[in-house]
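Have a look at the structure below before the remarks.
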There are 2 protein chains.
Amino acid sequence: MAKSDSLHHFQGIDVSQAGSASSIVFETLKQAIITGELKDGTPLKQEELAKKFSTSRIPIRESINRLEQEGLVKTIRYKGAVVASISLKEVEEMFDLRALMEREVMLKAVPNLTDDQIDEAEKYCLEFASAKTSGDWTDTNRKLHHALFQASDMTFHLSVLNTIYDRTERYLRAQLSFSNGADRAVDEHHTLIELCRAKDAAGAAELMFQHVKHAKRSLLEFLPPDSK
Amino acid sequence: MAKSDSLHHFQGIDVSQAGSASSIVFETLKQAIITGELKDGTPLKQEELAKKFSTSRIPIRESINRLEQEGLVKTIRYKGAVVASISLKEVEEMFDLRALMEREVMLKAVPNLTDDQIDEAEKYCLEFASAKTSGDWTDTNRKLHHALFQASDMTFHLSVLNTIYDRTERYLRAQLSFSNGADRAVDEHHTLIELCRAKDAAGAAELMFQHVKHAKRSLLEFLPPDSK
DNA sequence: TTATTGTAGATTGGATCCAATATTGTTAGG
DNA sequence: CCTAACAATATTGGATCCAATCTACAATAA
């Protein structure tokens, strides 16, 4: 039954899911892998991790299972789990798919965007432009994209996009701490916001497509030409 | 008591044969959900499943975790897991994404297709046309698409497509056992093969796009207009 | 020397037990 | 008759122990 509506602020906060040891370990490890704190190939030993988290091996095992299902780790029976690496070809594929999907998402999002949402996006756009660390960069970039995408109401597309972000973020970070080739991205972001304000869905979609293709290109020329 | 006997299929499946218990349980449950043997909302009780598979609850728990990560079940802490249902909106989204991706995949696959691969696809095309059960239908359909897609060498795209197939197959089956609206699909498949032989990548890609959109439309008009 | 075999340690996979929590049914009180 | 507190039961979450398997390294024989 619908309880008093004055509590609707808490929509989406699920305490019961937050508490389990498995979830905490899972989220922590996931973040560590995404950010690159745990580098490709790092072995994830259950006993060792159990000590670090002060739990038994059970929640560790479940976390590793879930991480494997998301493609972030690779395990071999009786041998152990390591942080999964990603091939150059897969990076290309993921960016190509991102470009394709983000174009489509923008097409649907722009007509629905409220002024507030655009303002929020612009805020992240500015934060992005003045971000110092590669972590801030990827964070605000994700927030910016997310703010624009929300209006599309394409939850499945967004979940796929999120797994792509998760699996490529550490490489983006590595790139950005060497070359600061974010200048073009800043310009593109500003133009993107303008097109959104003008409700030019087709234009915004096409720019987003190119924007992702540009990001792909600059990442590829940074990555070692034969990375596995 | 009236225990749910929707799980009686698993009688006699024992772990001691090969592979890890978890993997066996996982694959078996996954197939049962995909095919619709286990219907939406069916509760997956750990103890009950443990008995059916003659193992402890541990492999069951791991399987349920992995299934949840793939979106096939939904669990609530201390409450249990149920086979996940899918909203009409998500079905639409998944088919839209399929159309988008399969067009792209065909575009890359056609130039690389060998005569052998096309022959194989045509074989499935014929099997598909004479398939009797909805299970045969979805099986050969998957094989046909897979045979054509292999030449694209787009492994990540294909993995995403596979999860989409996995999550929508049971609805397709349900549709096909009522309406046999596969006639149009048969025609489209034949034309598709011809375009592949003619190396008309653009044409094949566009037909594939339309083919998926048609499948979407006929599925949607079959599904209840307010399915959750 | 070299290949093979065997043993010890390390590491994951699975089973059983206990704890935490939700659900249901029951009872006391209004 | 209805509601709220409470006990009983069912079910999942986690810890500890044991089993299965892999890896390294040493010992032995050709």
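Below, chain A is the first sequence line, B the second, and so on; all start at residue 1.
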Original post:
Are Arg170(B) and Glu37(B) close enough for a salt bridge, meaning some N to O gap below 4.0 Å?
Top reply: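 Looking at Arg170(B) and Glu37(B), the cut-off is not met.
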Original post:
Can you find a side-chain donor-acceptor pair between Thr75(B) and Glu68(B) that sits under 3.5 Å?
Top reply: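 Distance-only check passes for Thr75(B) and Glu68(B).
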Original post:
For Lys89(B), does the NZ atom sit with more than 12 other heavy atoms under 6.0 Å from it, leaving out its own atoms?
Top reply: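 Count over threshold, so yes.
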Which whole-number value in Å describes the distance from [X] [atom1] to [N] [atom2]?
X: Gln46(B); N: dG14(C); atom1: CD; atom2: P; result: 15 Å
X: Ile76(A); N: dT21(D); atom1: CD1; atom2: C1'; result: 14 Å
X: Glu48(A); N: dT11(C); atom1: CD; atom2: P; result: 8 Å
X: Phe26(A); N: dG14(D); atom1: CZ; atom2: P; result: 14 Å
X: Lys51(A); N: dA15(D); atom1: NZ; atom2: C1'; result: 15 Å

Subject >> Phosphate OP1/OP2 of dG14(D) contacted by Ser22(A) side-chain N/O (<4.0 Å) >> reply: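 Answer is yes, contact under 4.0 Å.
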Original post:
From dT23(D), dG14(C), dG13(D), pick the nucleotide closest to the side chain of Ser20(A)?
Top reply: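 So the side chain of Ser20(A) is nearest to dG13(D).
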**OP:** Choose from dT11(D), dG14(C), dT12(C) the nucleotide whose nearest atom is closest to any side-chain atom of Lys45(B).
**Re:**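 Nucleotide nearest to Lys45(B)'s side chain: dT11(D).
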Subject >> Contact list for DNA chain D against residues 53-65 of chain A - heavy-atom distance below 4.0 Å >> reply: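 Contacting residues: Thr55(A), Ser56(A), Ile58(A), Pro59(A).
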**OP:** Check for a donor-acceptor pair, side chain of Asn112(B) on one end and backbone N or O of Ala151(B) on the other, with a separation under 3.5 Å.
**Re:**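 Side chain of Asn112(B) to backbone of Ala151(B): a pair is present.
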**OP:** Start with the C-alpha distance between Glu120(B) and Tyr124(B), add both sets of side-chain angles, then the distance that settles side-chain hydrogen bond (donor to acceptor under 3.5 Å, both in side chains), and finish with yes or no.
**Re:** CA-CA 7 Å; Glu120(B) 192 191 349; Tyr124(B) 295 132; 3.2 Å; yes
Original post:
Where does the angle between the aromatic ring planes of Phe128(B) and Trp137(B) fall among parallel (under 30°), tilted (30 to 60°) and perpendicular (over 60°)?
Top reply: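 The arrangement is tilted - the two ring planes meet at 30° to 60°.
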